[in-house]
Amino acid sequence: MADVIRLTVVLFIISMVAGLALALTNSKTKDKIAEQKILKNEAALQVVFPSGVDPIEKESNSDIPYPHWIGKKDNKLVGFAIKASNRGYSSNIEFIIGLDSIGKIFGLSILSASGETPGLGTRLSESISDKYIWNGLFAKKQTVLPWFSTQFKGIDVTKKIGIDKSKEWHRMSKTERQAIIKENKISALTGATISTRAVSDGISKSAGKYLSELKAKYN
C-alpha cells in the first residue's frame with residue numbers, strides 16, 4: 001500500500017513539474033509565435049496584391065467571418081484579400097487569396113500545408129528553379145514563387161474552378177497554360193488531387209462566397 005501511495009505522489013509531482021514547464025514555455029514563446037504569424041501574413045499580402053498596393057486589415061464579422069484586407073493604391077480600392085483554410089488529405093491547408101472587385105485572382109499564398117503527405121501534398125509550396133548548384137552559387141539570387149500558387153493568377157472565383165490532371169503547371173507550355181486558364185482550371189499536384197481540390201474548394205467557400213459582401217461593404 002505504501003508503495004502505491006509513494007508511486008502516486010511521484011507521478012503527481014512529475015505531472016505537475018511537466019505542466020509548469022509547458023506553461024512557462026508557452027508564456028515565453030506565444031508572443032514570438034504571434035509575431036511570426038503577423039510577419040508571415042505581411043509577406044503573403046505582398047504576393048497576393050499587385051505591386052504598390054497598401055493592404056488595410058479589417059475585422060471579421062458576421063457578414064464576412066474570415067480575416068480579410070482591402071487593398072488601396074493612390075487612395076483607390078484595388079481589391080480584397082481573404083485568409084482562409086480548408087481540410088486537405090491529412091491537415092488543414094491555410095492560405096491567403098487576393099482578388100479584384102469582379103472576382104479575378106491577383107495571387108495566392110499558401111501559409112501552411114506541412115501536415116499534408118510529404119512529397120505529395122506538401123508540394124503545394126514547391127518552387128521550381130532553372131538554376132543548378134554549379135551555376136547558382138555565385139549567380140544573382142533567384143526569386144521563384146511556388147508554381148502551384150502562381151497558376152491561380154487570373155482564375156475567376158465566381159465560377160467553378162476546374163482541375164486538370166494531364167500535366168503539372170510548371171511542365172506546361174505557354175499555350176497549354178492559356179488553354180486551362182481560359183477554362184477556369186488549375187493543374188493538379190501529381191498524386192495529391194485531394195490537396196489540390198482542398199485549395200480550390202477553400203477559395204470558392206471563402207473568396208467566391210463572400211465577394212458580394214466585400215464589394216457591398218467596402219466599395
Side-chain angles (χ1 to χ4, degrees), residues 33-88 92-113 124-125 127 143-164 169 174 177-187 196-219:
I33 291 171
E35 181 184 348
Q36 288 301 315
K37 284 184 177 180
I38 291 171
L39 292 174
K40 201 169 186 178
N41 284 348
E42 290 176 350
L45 289 168
Q46 297 302 311
V47 172
V48 304
F49 276 130
S51 177
V53 172
D54 181 27
I56 303 168
E57 187 170 5
K58 298 294 182 178
E59 290 188 7
S60 305
N61 51 64
S62 57
D63 294 327
I64 309 168
Y66 293 96
H68 59 280
W69 296 257
I70 61 172
K72 287 194 171 184
K73 187 173 184 179
D74 299 327
N75 211 32
K76 294 181 180 179
L77 183 67
V78 174
F80 314 98
I82 292 181
K83 181 180 179 180
S85 65
N86 200 30
R87 185 70 183 175
N92 282 329
I93 300 170
E94 190 176 46
F95 57 87
I96 292 183
I97 183 82
L99 63 157
D100 64 20
S101 59
I102 64 172
K104 291 292 183 70
I105 295 176
F106 286 136
L108 169 72
S109 180
I110 303 293
L111 298 176
S112 176
L124 288 170
S125 300
S127 295
T143 301
V144 184
L145 296 175
W147 66 264
F148 180 81
S149 300
T150 302
Q151 66 176 328
F152 281 84
K153 185 176 181 180
I155 293 294
D156 190 341
V157 303
T158 67
K159 301 176 182 177
K160 180 178 174 57
I161 301 174
I163 295 178
D164 183 281
W169 176 262
K174 185 177 180 180
R177 292 178 179 183
Q178 290 174 339
I180 68 167
I181 289 175
K182 189 175 181 180
E183 295 178 358
N184 215 54
K185 290 182 177 180
I186 50 100
S187 67
T196 302
R197 197 175 298 281
V199 177
S200 63
D201 287 351
I203 290 171
S204 297
K205 291 176 184 177
S206 55
K209 184 175 179 179
Y210 292 99
L211 178 60
S212 296
E213 283 80 358
L214 287 165
K215 291 194 291 184
K217 192 172 183 66
Y218 302 115
N219 267 339

Can you pull out every salt bridge (Lys or Arg N to Asp or Glu O under 4.0 Å) where at least one residue sits in residues 45-66? Sequence neighbours excluded, please. none

Least distance between heavy atoms, Ile97 atom then Ala207 atom: CG2-CB, 3.9 Å

Tell me, which pairs form a salt bridge (Lys or Arg N to Asp or Glu O under 4.0 Å) where one or both residues lie in residues 204-214, sequence neighbours left out? none

Are the side chains of Ile161 and Asn184 in touch, meaning some heavy atoms are under 4.5 Å apart? yes

So Leu108 and Val199, do their side chains get closer than 4.5 Å, heavy atoms only? yes

I'd like to check the ring pair (Phe, Tyr, Trp, His ring centres under 6.0 Å) partners of Trp147; sequence neighbours left out, ordered by chain and number. His170

List for me each residue that meets side-chain hydrogen bond (donor to acceptor under 3.5 Å, both in side chains) alongside Asp156, sequence neighbours excluded, and say none if there are none. Thr158

All ring pair (Phe, Tyr, Trp, His ring centres under 6.0 Å) counterparts of Tyr66, not counting sequence neighbours: Tyr210

Taken in chain and number order and not counting sequence neighbours, the residues that satisfy ring pair (Phe, Tyr, Trp, His ring centres under 6.0 Å) with Phe148 are Phe152

With sequence neighbours excluded, tell me which residues meet side-chain hydrogen bond (donor to acceptor under 3.5 Å, both in side chains) with Ser187. Gln151

Separation of Ile181 CD1 from Ile155 CD1 (nearest 0.5 Å): 6.0 Å

Ser101: which residues meet the side-chain hydrogen bond (donor to acceptor under 3.5 Å, both in side chains) condition with it, sequence neighbours left out? none

Taking the side chain as everything from C-beta on, heavy atoms only, tell me whether Ile163 gets closer than 4.5 Å to Ile186. yes

Could you tabulate the donor-acceptor pairs under 3.5 Å formed by side-chain atoms of residues 38-47, not counting sequence neighbours?
unit_1	atom_1	unit_2	atom_2	d
Lys40	NZ	Leu111	O	2.6
Asn41	OD1	Lys83	NZ	3.4

How would you list, by chain and number, every residue that makes a side-chain hydrogen bond (donor to acceptor under 3.5 Å, both in side chains) with Glu94, sequence neighbours excluded? none

Who are the salt bridge (charged side-chain N to carboxylate O under 4.0 Å, His left out) partners of Lys185, not counting sequence neighbours? Glu183

I'd like to know if the side chain of Asp100 reaches the main chain of Phe106, judged simply by a donor and an acceptor atom lying under 3.5 Å from each other, with no hydrogens or angles considered. no

Excluding sequence neighbours, so at least two apart, what forms side-chain contact (heavy atoms from CB on, under 4.5 Å) with Ser60? Pro67

